[in-house]
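Take a look at the structure set out below.
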Amino acid sequence: MFRPNRYRTHGCGEIRSTHVGETVTLSGWVHRKRNFGGLYFLVLRDHSGIVQVVIDTDAPFHAAAADIRLESVIQIEGEVVPREEGNVNPNMPTGEIEVKAKSFEIHSTAEILPFQIADDIDASETERLKHRFLDLRRDRLQHNMALRSKVISSIRRRMTEMDFFEFQTPILTSSSPEGARDFLVPSRLHPGKFYALPQAPQQFKQLLMVSGFPRYFQIAPCFRDEDARADRSPGEFYQLDMEMAYVDQEDIFAVLEELLVGLFREFTDWHVADAPFPRLTYRDTMLRYGSDKPDLRFGCEIQDISDLFATSEFRAFRSAIDEGGVVRVVPVPGAAGQSRKFFDGIDAFVKEQGGKGCAWIAFPEGADVKGSIAKFLDADLLAKLKDIPGAGEGSALLFVAGKAAEVATIAGRIRLKVADDLDLREKGVYKFCWIVDFPMFEWDEENECVTFSHNPFSMPQGGMEALETQDPLDILAFQYDIVCNGVELSSGAIRNHRPDVMYKAFEIAGHPASVVDEKFGGMIRAFKFGAPPHGGIAPGVDRIVMLIADEPNIREVILFPMNQKAEDLLMGAPSEVRPKQVEELHIRIEMPKED
RNA sequence: GGGGUUGUAGUUCAGUUUGGUUAGAACGCCGGCCUGUCAAGCCGGAGGUCGCGGGUUCAAGUCCCGUCAACCCCGCCA
């Protein structure tokens, strides 16, 4: 949709048989060339698609057109003509017609390309990032970025329809003591002081609740100076940040379920189950899936079988239990026929992850039990093992023993590794779930003290009474995550809006009231002037688009992503600055010592 | 900070296991032929610090040591 002008009257991909006979002006990139010496076909591309242009042997611009390099920008004027039967290309939306060029103009020539645009052959990540403007021309990123734009529009529409106000909160704010490493901005006017870029608009959105805007959202940029992962962009990312007043956990779940079911169904053909999404407690998911972001597209649920081995003769597991540990098993239906190499691979994987190793047994159909520990187990125990859910004829069992917390994590990784190796995940489906009842506090082994396990602003379940009467490590928080296909989309919480409860919670975590007043002064003061109960959540926008686009890496849905080391290879960031700039900020640079 | 994988032509990759003649292919690039192609085709050509440094050897892309870079993972990410 554009106003016809001297550059173009139509988009390349818009032309159809109905335009036959019309003279059109098109501008775009040279996508392909097919030259017969005389007759010459040139495929022209713009954002709307591609169209075949024919240049006749006797055209005065034939030589110039033949010399043009791919990805140069040209403009042609020509007549839309039908293709003869047999020359129609059914694979092209514009394949029933072609444009017979009457004029040819070069707007911009292209140098030799670092990688091909028309062929979707993989180029190295480095080359793609260095020439992101070229990479973005290709189908994959054109599609992903268009999808991203539409997803964000749809989010805005859906949130607005649910009576949320969209606001912008400050980008230059203050450093907060909890959480990730901040990006800091030195202050020119205040020597020795720094702004911080927000890790999330957490305090601002809570202030909005106190300020009388009961439903807020924002597509919020968030900045955290932490290392990258495949699903974690270094430095900056976007959240759909939202907060609501006078709600409990279920009210927030209902809003997000409506949003996500609608959004995913709007943009994908994959199956999305109706709300409500399953609710799993943190404790339960750590036991059954060995992770707080379980992938529910396959079974193989982990089970604790410590009691089966508590009286067993098998010494390795028995001693683990005697030392206060556990024995857990990942049952894999249908895996009994796997090769020795498969099981050895799992064992090696566990050792790589720092575990002691992975014992296994298998129940091949119509054959004797086999496996690394089969000969140590008596018939009675083997029969009981074969009876556990997920086991049985044809299954294999993968065992891990040791301290409960470590076993949970290792078993969880085994479960994912098995799904990778055997391709167990259900295809074409998004499996959402809520993880609820996170612990309010946890034991910090390193500093030997109680700390907040998630968000210090979460409301403890049981309120003040729980804080005063329960073991801190037993207290749960109104804190929840939403997970889709093993990807954590978001954390959220019902907030602690009571100053007295806030001071008490921080006291348990070893921070006196003065720290709360100093670090969270703005918010705690607000809570002393009438604060409604409130809560919220903030799903990652990049991750939502990544899931919908079915991309394995978050960089595929970000226009100008940074690399693993948080560098922008196109813009050359980060970069050195002029000494005067540093001087004005009253800071001095001290390079790390070499050696 | 730690572990893993990868690094060979402009690009994507083969060759490395088992050291041995002039390091190959595809796409791209340059030149030529070609009037219905649609990833056009055919003929010819140019293009290489085998990431970098050191070592072993008569001989190293190939083996050893170090180092750099990209990616994946652990730590980290309230």
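Below, all heavy atoms of this structure are taken into account, side chains as well, without hydrogens, waters or symmetry copies. None of the values given here were measured: they were computed from a predicted structure. Convention: sequence-line order gives letters A, B, ...; per-chain numbering from 1.
Between A:Arg32 and the phosphate of B:A40, there is a side-chain N or O to OP1/OP2 separation shorter than 4.0 Å.
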Nucleotide N/O to protein N/O under 3.5 Å, stretch nucleotides 43-48 of chain B:
none

Give me, pair by pair, the N or O atoms of the protein and of nucleotides 72-74 of chain B that are less than 3.5 Å apart, along with how far apart they are.
{"unit_1": "B:C72", "atom_1": "OP1", "unit_2": "A:Asn553", "atom_2": "ND2", "d": "2.5"}
{"unit_1": "B:C72", "atom_1": "OP1", "unit_2": "A:Arg555", "atom_2": "NH2", "d": "3.1"}
{"unit_1": "B:C72", "atom_1": "OP2", "unit_2": "A:Gln564", "atom_2": "OE1", "d": "2.4"}
{"unit_1": "B:C73", "atom_1": "OP2", "unit_2": "A:Ala230", "atom_2": "N", "d": "2.9"}
{"unit_1": "B:C74", "atom_1": "OP2", "unit_2": "A:Arg229", "atom_2": "NE", "d": "2.7"}

Extract from the structure each pairing of a protein N or O with an N or O of nucleotides 34-37 of chain B at less than 3.5 Å, listing the distance.
{"unit_1": "B:C34", "atom_1": "N3", "unit_2": "A:Asn35", "atom_2": "O", "d": "3.3"}
{"unit_1": "B:C34", "atom_1": "N3", "unit_2": "A:Gly37", "atom_2": "N", "d": "3.2"}
{"unit_1": "B:C34", "atom_1": "N4", "unit_2": "A:Gly37", "atom_2": "N", "d": "3.2"}
{"unit_1": "B:U35", "atom_1": "OP2", "unit_2": "A:Phe36", "atom_2": "O", "d": "3.2"}
{"unit_1": "B:U35", "atom_1": "O4", "unit_2": "A:Thr57", "atom_2": "OG1", "d": "3.4"}
{"unit_1": "B:G36", "atom_1": "O2'", "unit_2": "A:Asn87", "atom_2": "OD1", "d": "2.9"}
{"unit_1": "B:G36", "atom_1": "N1", "unit_2": "A:Glu98", "atom_2": "OE2", "d": "2.8"}
{"unit_1": "B:G36", "atom_1": "N2", "unit_2": "A:Glu98", "atom_2": "OE1", "d": "2.5"}
{"unit_1": "B:G36", "atom_1": "N2", "unit_2": "A:Glu98", "atom_2": "OE2", "d": "2.9"}
{"unit_1": "B:U37", "atom_1": "O2", "unit_2": "A:Arg34", "atom_2": "NE", "d": "2.7"}
{"unit_1": "B:U37", "atom_1": "O2", "unit_2": "A:Gln52", "atom_2": "OE1", "d": "3.3"}
{"unit_1": "B:U37", "atom_1": "N3", "unit_2": "A:Gln52", "atom_2": "OE1", "d": "2.9"}
{"unit_1": "B:U37", "atom_1": "N3", "unit_2": "A:Gln52", "atom_2": "NE2", "d": "2.9"}
{"unit_1": "B:U37", "atom_1": "O4", "unit_2": "A:Gln52", "atom_2": "NE2", "d": "2.8"}
{"unit_1": "B:U37", "atom_1": "O4", "unit_2": "A:Arg83", "atom_2": "NH1", "d": "3.3"}

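Here the P atom of nucleotide B:C13 and the CD atom of A:Glu127 are 12 Å apart, to the nearest Å. Atom pair A:Leu134:CG and B:U11:P shows a separation of 13 Å (rounding to whole Å applied). If you measure from atom CD of A:Glu71 to atom P of B:G28, you get 13 Å, rounded to the nearest angstrom. With rounding to whole Å, A:Arg69 atom CZ is found 18 Å from B:C27 atom P. Separating the NZ atom of A:Lys33 from the C1' atom of B:G28 is a distance of 11 Å, rounded to the nearest angstrom. In this structure, A:Ile112 places its CD1 atom 16 Å from P of B:A9, rounding to the nearest Å. One atom, CD of A:Glu567, and another, C1' of B:A69, lie 10 Å apart when rounded to the nearest Å. Atom CG in A:Leu70 sits about 12 Å away from atom C1' in B:A39, given to the nearest Å.
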N/O donor-acceptor pairs under 3.5 Å from side chains in residues 60-70 of chain A, not counting sequence neighbours:
{"unit_1": "A:His62", "atom_1": "NE2", "unit_2": "A:Gly38", "atom_2": "O", "d": "2.5"}
{"unit_1": "A:Arg69", "atom_1": "NH1", "unit_2": "A:Ala110", "atom_2": "O", "d": "3.4"}

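For the P atom pair drawn from B:U62 and B:U17, the interatomic distance equals 9 Å after rounding to whole Å. Only the C1' atoms considered, B:A9 is 12 Å distant from B:C27, to the nearest whole Å. Comparing the P positions of B:C13 and B:A60 gives a spacing of 28 Å, expressed to the nearest Å. The separation of B:U21 from B:U67, taken at their C1' atoms, amounts to 33 Å, rounded to a whole angstrom. Distance noted for atom P between B:C50 and B:U37: 44 Å (whole Å). One P atom belongs to B:G47, the other to B:G2, and the distance between them is 43 Å to the nearest Å. With both ends at atom C1', the span from B:G44 to B:G4 equals 46 Å, rounded to whole Å. The gap from the P atom of B:C71 to that of B:G61 amounts to 29 Å, rounded to the nearest Å.
Contacts of A:Ser453 with the nucleic acid, taken as non-hydrogen atoms under 4.0 Å apart, involve only primed sugar atoms and P, OP1 or OP2. Counting non-hydrogen atoms under 4.0 angstrom, A:Gln202 reaches a base of the nucleic acid. Backbone-only engagement by A:Pro114 is indicated by non-hydrogen atom pairs under 4.0 Å involving sugar-phosphate atoms exclusively. Heavy atoms of A:Ser124 sit under 4.0 angstrom from primed sugar atoms or phosphate atoms, though from no base atom.
With salt bridges taken as basic N to acidic carboxylate O contacts below 4.0 Å, one links A:Lys205 and A:Glu243. Here A:Arg137 pairs with A:Glu71 in a salt bridge; the nearest charged N to carboxylate O distance falls below 4.0 Å.
Take A:Arg425 and apply the side chain to side chain contact (heavy atoms under 4.5 Å, CB included) test, not counting sequence neighbours, and it matches A:Asp295, A:Arg297, A:Phe298, A:Leu416, A:Ala419, A:Asp420. For A:Arg555, the salt bridge (charged side-chain N to carboxylate O under 4.0 Å, His left out) partners at least two apart in sequence or on another chain are A:Glu125. Residues satisfying the ring-ring contact (aromatic ring centres under 6.0 Å, His included) criterion with A:Tyr216, sequence neighbours excluded, are absent altogether. For A:Lys100, the side chain to side chain contact (heavy atoms under 4.5 Å, CB included) partners two or more places apart in sequence, or in a different chain, are A:Asp56, A:Val81. Taking A:Phe217 as the reference, nothing meets the ring-ring contact (aromatic ring centres under 6.0 Å, His included) condition, with sequence neighbours excluded. Legend: residues meeting salt bridge (charged side-chain N to carboxylate O under 4.0 Å, His left out) with A:Asp500, ordered by chain and number and at least two apart, are A:Arg498.
Side-chain atoms of A:Ser490 and A:Gln239 include no donor-acceptor pair closer than 3.5 Å. With no hydrogens or angles considered, a side-chain donor-acceptor pair links A:Gln52 and A:Arg34 at under 3.5 Å.
Screening residues 472-481 of chain A for salt bridge (charged side-chain N to carboxylate O under 4.0 Å, His left out), with sequence neighbours left out, gives no hits. Note on residues 515-525 of chain A: no pairs pass salt bridge (charged side-chain N to carboxylate O under 4.0 Å, His left out), not counting sequence neighbours.
Across all strands shown, B:U22 remains unpaired; no Watson-Crick or G-U wobble contact has both distances below 3.5 Å. Remark: B:C76 base-pairs with no nucleotide in the shown strands. Criterion, Watson-Crick or G-U wobble with two distances under 3.5 Å. Pairing for B:G48 is absent, with no Watson-Crick or G-U wobble pair whose two atom distances lie under 3.5 Å. Across all strands shown, B:U37 forms no Watson-Crick or G-U wobble pair with both key distances under 3.5 Å. In this structure, B:U6 and B:A69 make a Watson-Crick or G-U wobble pair, each of the two defining distances being under 3.5 angstrom.
Atom-to-atom distance recorded for A:Ser27:OG and A:Leu44:CG is 7.5 Å, nearest 0.5 angstrom.
Nearer the 5' end of RNA chain B, as judged by each residue's closest nucleotide, is the contact made by A:Met562, out of A:Met562 and A:Arg232.
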